[in-house]
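Positions are given from 1 along the sequence. Given the structure is predicted, the values throughout are model-derived calculations rather than measurements. Hydrogens, waters and symmetry mates play no part in the numbers below; they use all other heavy atoms, side chains included.
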Amino acid sequence: MAQLLIHGNLHVTVFEADSLSDPGRATGGAPKFFRKQFIQGIEETVGVGKGANRLYATIDLEKALVGRTRIIQDEPKNPRWYESFHIYCAHQAGNVVFSVKDDNSIGATVVGRAYVPVKDLLDGQEFEQWLQLVNQEKEPIGGGARIRVKLQYFDVSHDPNWARGIRSRKFPGVPYTFFPHRKGCKVTLYQDAHVPDKFVPKIPLAGGQFYQPHRCWEDIFDAITNAQHLIYITGWSVYTEITLIRDSKRPKAGGDETLGQLLKRKASEGVRVLMLVWDDRTSVGLLKKDGLMATHDEETLHYFDGSDVNCVLCPRNPDNGQSFVQDLQISTMFTHHQKIVVVDSPLPGSGSEQRRIVSFVGGIDLCDGRYDTQFHSLFRTLDSVHHADFHQPNFTGGAIDKGGPREPWHDIHSKLEGSVAWDVLYNFEQRWRKQGHKDVLLPLRQFSEIIPPSAVTYENDQETWNVQVFRSIDGGAAFGFPETPEDAARSGLVSGKDNIIDRSIQDAYINAIRRAKDFIYIENQYFLGSSYGWKPDNIKVEDIGALHLIPKELSLKIVTKIEAGEQFRVYIVVPMWPEGFPESGSVQAILDWQRRTMEMMYTDIAQALRAKQIYDADPKDYLTFFCLANREVKKSGEYIPQEHPEEDSDYKRAQENRRFMIYVHAKMMIVDDEYIIIGSANINQRSMDGARDSEIAMGAYQPYHLAVNEPARGQIHGFRMSLWYEHTGLLDNLFLNPEKVECIRKVNKIAERYWDLYSSESLERDLPGHLLMYPVGVTNDGEVTELPGTEFFPDTKARVLGTKSDYLPPILTT
């Protein structure tokens, strides 16, 4: 059947199945009570037959799984689910496929499938009927087995918000989510852990104001220092030996304390300090002290032993509904990835005893290797702020004693004030009640001095913010999720096979992309997904499982703009390669997925250009990828290492050539300079799935700085311009209008020049900026190719386009 584009929202209800037969089960003819209590018990105990039925239904768009009901036990003939689904679609499909399955300890058995042609849904009419279940050969299953469903498709072009941005200050936020949209808030945006005084780009904003950068670790240090009641922290990694204050020109009282000393001191003063740190299950003593991820989790736990700090290592436990295999995958492959700090804080500029809740959310863990500034030095800070914090995990034997280059770190974070800060607090409380062991959460409503959730700005304040919290998390990590699919749906959650999932980060990205009018700017540690749209070159696409929609939504947005003859650009910044040995199997596999994702998007764009008979356009005029790197000439007075890297190693070559990538760890998207998403979630399946890595993010805008009649010129615009200044070393007037072809060509030209300087054999001066073109070619047909002479990243033997892994399961690398 012809594949048709289905791009919009699909509302589906799966009611029930009827007349299911169970010919292979030994218990099928026995009376129900006898079957359930006796024979099936024997089957499950000794492995004869299959035991009790555990029936559920799945919904697929062709071969992409998009929905799954709860499990109904011991109703082999007529399971009744009565579950409804709100499904975001961006797929080419001939059919919507409904499958009835019987769950096993390992995998599931398909009972039968039913098909609804996509062409029957495109008119938007409601479709409800009983569908015949068929086998793999599309032959009817005996006994008249059938399933009753209801569907209605809403094309994205009929969405009143499609490509129109945030048109009103009354914008209600992202629908179908757990946390509501909050008004009257305050948001502080941070680029990198620290901003030195000499980084002062002069960026004009609306109302004659100028953008003022903020300092993340200084503000977190102040927040922890000034807390009187609570300090709640979650992290993928928290390292007690780091110091938050390192700028000698901006000293603070107590700034020489390590994070561990600071938290112990606050706890000893009576502040309730609770920490949830991901338990890397590879970090037990016999395997390796730091674990595969080098998170210091065991070290951190032992540091706080016997102190007043409540530190808990929490593994990524599965929800109850998973199979044995899924349990194993989740507990060993996935992580707790949220990075938050929640404190009580004094009211600003007031002598009042009253206090309010303040939360920090973003990409920066409180651990080693994260402290950096916009200058991202490789060698010049090795005798100062990075001497005791040398981070270089991309080389064998990387160490301060052998010298640089260190791995510079680029990241983004935020501070939230107002009622939205309480949503972040509630997320912590849900997680603590699930895995925190002790009942030591403070009953904050009993503290009269702590102001309950409320606005912190007046309604007519020109600098007010509206904010919403989003998550990727399930009932295995959060306490109090509803038990039933009906209650889950009312709470903005998604039901699965007996597990309840919050998948709102992906929803937030999809909604923001669909609203976008002019441009999108993304910085993210990973960029891969929408695998159902990849070319099937040497892979079985349906086995990959990187099903989130974000890359496909981006390319479809560009396609619709090309079709409409309107300007639209997408700029994406990623690391040169994922952190780790670049030649390793896992890094090469991820680069292969990334290349396939890029190629899918560029192919969509190339086809749209051909359809409009635009033959001379470059696909990179619409979508362009960058990475960050630095290169420094040697200066007198630099740190002199006592040892040297091995000869003919990546480490030695990078040191001699005085260059290395800046690691992009940010997880951010800016849309039209009016809306921003910042959080812990990467653009991959691990982060967007909801049942894999646990994540948290915020989406925010300033209602008085919308791109309605003129470009938005609020804090989000200033933040983007400051990031572009950090990356390019320039403030160019063309940067004011990223949607224009002149702007994207200017940025591409800068990045190409910087790549040439970075990859050159000679070095005459420091790299003037950090933004490099991602080193791939793109043909007019959308194929992603090697740049001439650039099969490998500089100083390595690691392929830029990656290499498919024949031994690593996709679930690990997507």
Side-chain angles (χ1 to χ4, degrees), residues 7-11 66 84-90 154 156 158-185 187 338 359 361-362 414 416 418-424 426-427 465-474 478 481 488-495 500-517 520 522 529 548-550 552-554 556-557 667-672 674-681 683 687-690 695-703 706-707 712 716:
H7 186 205
N9 299 334
L10 190 61
H11 292 186
V66 294
S84 296
F85 301 84
H86 171 87
I87 298 167
Y88 292 103
C89 310
F154 300 87
V156 74
H158 300 148
D159 183 341
N161 293 314
W162 169 250
R164 299 182 71 180
I166 299 174
R167 294 173 290 150
S168 165
R169 295 171 195 162
K170 297 180 180 178
F171 172 69
V174 178
Y176 310 108
T177 55
F178 186 82
F179 290 111
H181 177 248
R182 305 293 190 184
K183 297 181 178 180
C185 300
V187 174
Q338 296 181 347
S359 297
V361 171
S414 68
L416 307 179
S419 51
V420 70
W422 286 78
D423 292 337
V424 182
Y426 185 66
N427 165 78
W465 289 77
N466 293 355
V467 195
Q468 196 170 4
V469 168
F470 309 112
R471 291 187 296 184
S472 292
I473 202 167
D474 66 12
F481 272 12
R490 280 190 286 270
S491 299
L493 303 172
V494 179
S495 59
I500 304 297
I501 301 166
D502 187 338
R503 195 179 291 152
S504 53
I505 296 179
Q506 184 182 167
D507 295 354
Y509 271 85
I510 293 168
N511 275 266
I513 294 165
R514 291 183 177 184
R515 285 195 311 270
K517 292 189 300 184
I520 288 172
I522 290 172
H548 75 87
L549 272 57
I550 294 167
K552 196 68 173 179
E553 288 285 352
L554 287 165
L556 289 178
K557 168 63 74 168
K667 299 96 171 53
M668 179 212 71
M669 182 170 77
I670 289 174
V671 177
D672 298 335
E674 69 176 7
Y675 187 80
I676 189 167
I677 295 174
I678 292 174
S680 65
I683 297 179
S687 287
M688 295 296 165
D689 189 88
E695 311 281 6
I696 191 166
M698 70 84 171
Y701 68 96
Q702 292 185 281
L706 302 178
I716 297 171

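Residues forming a side-chain hydrogen bond (donor to acceptor under 3.5 Å, both in side chains) with Asn511 (at least two apart in sequence, or on another chain): Tyr88. With sequence neighbours left out, the side-chain hydrogen bond (donor to acceptor under 3.5 Å, both in side chains) criterion links Asp672 to no other residue. Take Ser84 and apply the side-chain hydrogen bond (donor to acceptor under 3.5 Å, both in side chains) test, not counting sequence neighbours, and it matches Thr13. In this structure Asp423 satisfies the salt bridge (charged side-chain N to carboxylate O under 4.0 Å, His left out) test together with Arg182, sequence neighbours excluded. Residues satisfying the salt bridge (charged side-chain N to carboxylate O under 4.0 Å, His left out) criterion with Glu695, sequence neighbours excluded, are absent altogether.
The structure places CD1 of Ile473 at 14.0 Å from CZ of Arg503, a figure rounded to the nearest 0.5 Å. Atom CD1 of Ile716 sits about 8.5 Å away from atom CD1 of Ile678, to the nearest 0.5 Å. With values rounded to the nearest 0.5 angstrom, Leu706 atom CG is found 8.0 Å from Ser168 atom OG. In this structure, the separation between OG on Ser495 and CD1 on Ile501 is 8.0 Å, given to the nearest 0.5 Å.
Legend: salt bridge (charged side-chain N to carboxylate O under 4.0 Å, His left out) pairs involving residues 169-180, not counting sequence neighbours: none detected.
For the pair Met698/Val187, a side-chain contact is recorded, criterion being any heavy-atom separation below 4.5 Å from C-beta on. Between Ile683 and Tyr509, some side-chain heavy-atom pair lies under the 4.5 Å cut-off.
In this structure, the side chain of Ser414 engages the main chain of Val361 through a donor-acceptor pair within 3.5 Å. Listed for the Glu674 side chain is a donor-acceptor partner under 3.5 Å among the backbone atoms of Ile166. In terms of modelled atom types and a separation under 3.5 Å, the side chain of Gln468 and the main chain of Phe179 share a donor-acceptor contact. Under the 3.5 Å distance criterion, the side-chain polar atoms of Glu553 are left unmatched by any main-chain donor or acceptor of Arg514. Remark: the backbone N or O of Ile696 is paired with a side-chain donor or acceptor of Ser680 at under 3.5 angstrom. Counting only distance, with no hydrogens or angles, the side chain of Ser504 and the backbone of Phe470 share no donor-acceptor pair below 3.5 Å.
Between Tyr701 and His181, the ring-plane angle classifies as parallel under the 30° and 60° cut-offs.
Taking the ring centroids of Phe154 and His86, they lie at or beyond the 6.0 Å cut-off.
The heavy-atom pair separating Ser687 from Ser472 by the smallest distance is O-OG, 2.6 Å.
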- Decide yes or no on side chain to side chain contact (heavy atoms under 4.5 Å, CB included) for Lys557 and Trp162, but give the supporting numbers first. CA-CA 10 Å; Lys557 168 63 74 168; Trp162 169 250; 3.8 Å; yes

| request: Tell me, with the steps shown, if Asn9 and Ile87 meet side chain to side chain contact (heavy atoms under 4.5 Å, CB included). | output: CA-CA 6 Å; Asn9 299 334; Ile87 298 167; over 6 Å; no

